[in-house]
Amino acid sequence: MSATVPSLGALRARRTALEGELQDAESILAAAREGLVDGSLSAAKVVSAQSLVHTLQGALETLGEKITHVAELEAAERALAQRRAAVKHLATTATDAEREQARLVALTAKACAALDPLFEQMAAAVDAWAASRETWRAGAVSLAPGLHQPHYEHNTWAVPGAAQVVDELLAELGARADLSAVLTRVHALTPQTRRDNPRPLDLPDHELAAAVFALFRRYYHARSGQNRLEL
Amino acid sequence: MSTTAPLTALNPLMLEAAELLASGRTAGEVKDQLALSVATFEFWRQDPLFHSEVGRLRAERKAETNKTAETAAETAETDALEGALKEQFA
């Protein structure tokens with residue numbers, strides 16, 4: 001026997017019908033109980049009505065599970081179709097601009113995956129540092145050369161050991177060009193930066209470090225809500 | 001159930017029994033779950049209408065399983081293509 005997956009519409013229509021039957025059965029059960037009290041109906045009628053109510057409740061439960069399952073199947077199929085279309089488009093007919101955008105998204109995802117654990121380490125360091133007024137009073141250690149230049153002053157986090165984390169970050173990411181591309185995108189998110197510096201970044205070390213820490217600030221502030229770096 | 005005439009329609013209890021059988025429950029499990037007597041349940045199982053409903057529901061389940069497998073295969077194919085593109089980009 002060949003069959004297809006039942007349609008959601010048909011299943012939902014059946015559920016509506018079953019719900020109607022259940023309401024009727026519950027009314028019959030209530031009437032049977034009243035009849036039992038006043039002696040006009042036998043206990044067998046109540047048992048029979050009760051049994052029908054149970055059956056219909058069971059059928060509704062089974063149908064509900066089926067509807068959920070079919071809805072999940074359909075949703076997965078729709079999502080997959082969209083994804084397939086997007087990937088095929090990218091592989092075949094995408095414009096250069098679309099491919100560049102996709103490349104940036106892929107780079108960003110890669111960078112974020114590398115940044116997350118490192119930024120979490122840095123955040124823990126900041127937490128520990130902030131928790132200790134004594135450490136704070138002892139004087140903040142500068143991050144990396146150049147971070148205290150006026151232009152980057154507002155992005156500076158004075159965290160002991162942070163420069164090493166930046167080194168680790170760069171080692172983790174490997175390709176400097178990739179990170180620059182990601183940071184270009186981060187900068188592009190800031191209206192002022194977009195206006196002042198629309199060209200792709202080719203950052204010297206200290207500026208790269210500053211940009212990483214600007215990124216970390218965003219991560220740190222977003223940490224309480226959503227502990228992920230989203231560019 | 002005293003009659004031996006073929007069923008002309010399935011009531012909710014029969015439909016539920018058919019669903020449970022199609023879902024892979026054993027006859028004993030269905031009988032116990034729905035509190036059916038052996039005689040009643042055997043009568044249903046031998047009835048062409050009930051038998052056909054179980055077959056239809058089993059076919060539907062098979063179609064669902066096939067669809068799930070098909071979606072999984074297409075997802076793997078898409079993952080591979082997307083992975084290759086990402087490698088190319090990043």
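Lettering of chains follows the sequences in order, A, B, ..., and the numbering in each one begins at 1.
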## Note on the structure
Minimal heavy-atom distance between A/Thr55 and B/Pro12, with the atoms involved, is CG2-C, 3.7 Å
## Note on the structure
Rounding to 0.5 Å, atoms CG (A/Leu63) and CG (B/Leu15) come to a distance of 10.5 Å
### Query
How many angstroms lie between OG1 in B/Thr71 and CG in A/Leu73, if you round to the nearest 0.5 Å?
6.5 Å
### Query
Are A/Leu80 and B/Thr78 close enough that some pair of their side-chain heavy atoms sits under 4.5 Å apart?
yes
### Query
Going by distance alone, is a donor N or O of one side chain under 3.5 Å from an acceptor N or O of the other, for B/Glu16 and A/Thr62?
yes
### Task
Give, as side chain, backbone, both or neither, the part of A/His54 having an atom under 4.5 angstrom from any heavy atom of chain B.
neither
### Task
Give a yes or no on this: more than 12 heavy atoms of other residues, nucleotides or ligands lie within 6.0 Å of atom CD of A/Glu65.
yes
### Task
Could you tell me which of A/Glu77, A/Lys88, A/Arg83 has the largest number of non-hydrogen atom pairs under 4.5 Å with chain B?
A/Arg83
### Task
Please check if atom CG in A/Asp38 has more than 12 non-hydrogen atoms from other residues, nucleotides or ligands closer than 6.0 Å.
yes
### Message
Quick check on A/Glu72 against chain B: is it the side chain, the backbone, both or neither that has a heavy atom closer than 4.5 Å?
### Response
neither
### Task
Flag yes if more than 12 heavy atoms outside A/His89 fall under 6.0 Å of its NE2 atom; otherwise flag no.
yes
### Task
Salt-bridge test for A/Arg14 and B/Glu19: reply yes if a basic N is under 4.0 Å from a carboxylate O, no otherwise.
yes
### Which portion of B/Glu77 sits near chain A, non-hydrogen atoms under 4.5 angstrom
side chain
### Message
Could you measure the distance from the CG atom of B/Leu81 to the CG atom of A/Leu90? Nearest 0.5 Å is fine.
### Response
8.5 Å
### Check against salt bridge (charged side-chain N to carboxylate O under 4.0 Å, His left out), B/Glu60 and A/Lys66
CA-CA 11 Å; B/Glu60 267 186 7; A/Lys66 196 171 198 171; 3.1 Å; yes
### Task
Determine whether more than 12 heavy atoms belonging to other residues, nucleotides or ligands lie under 6.0 Å from atom CD of A/Glu61.
no
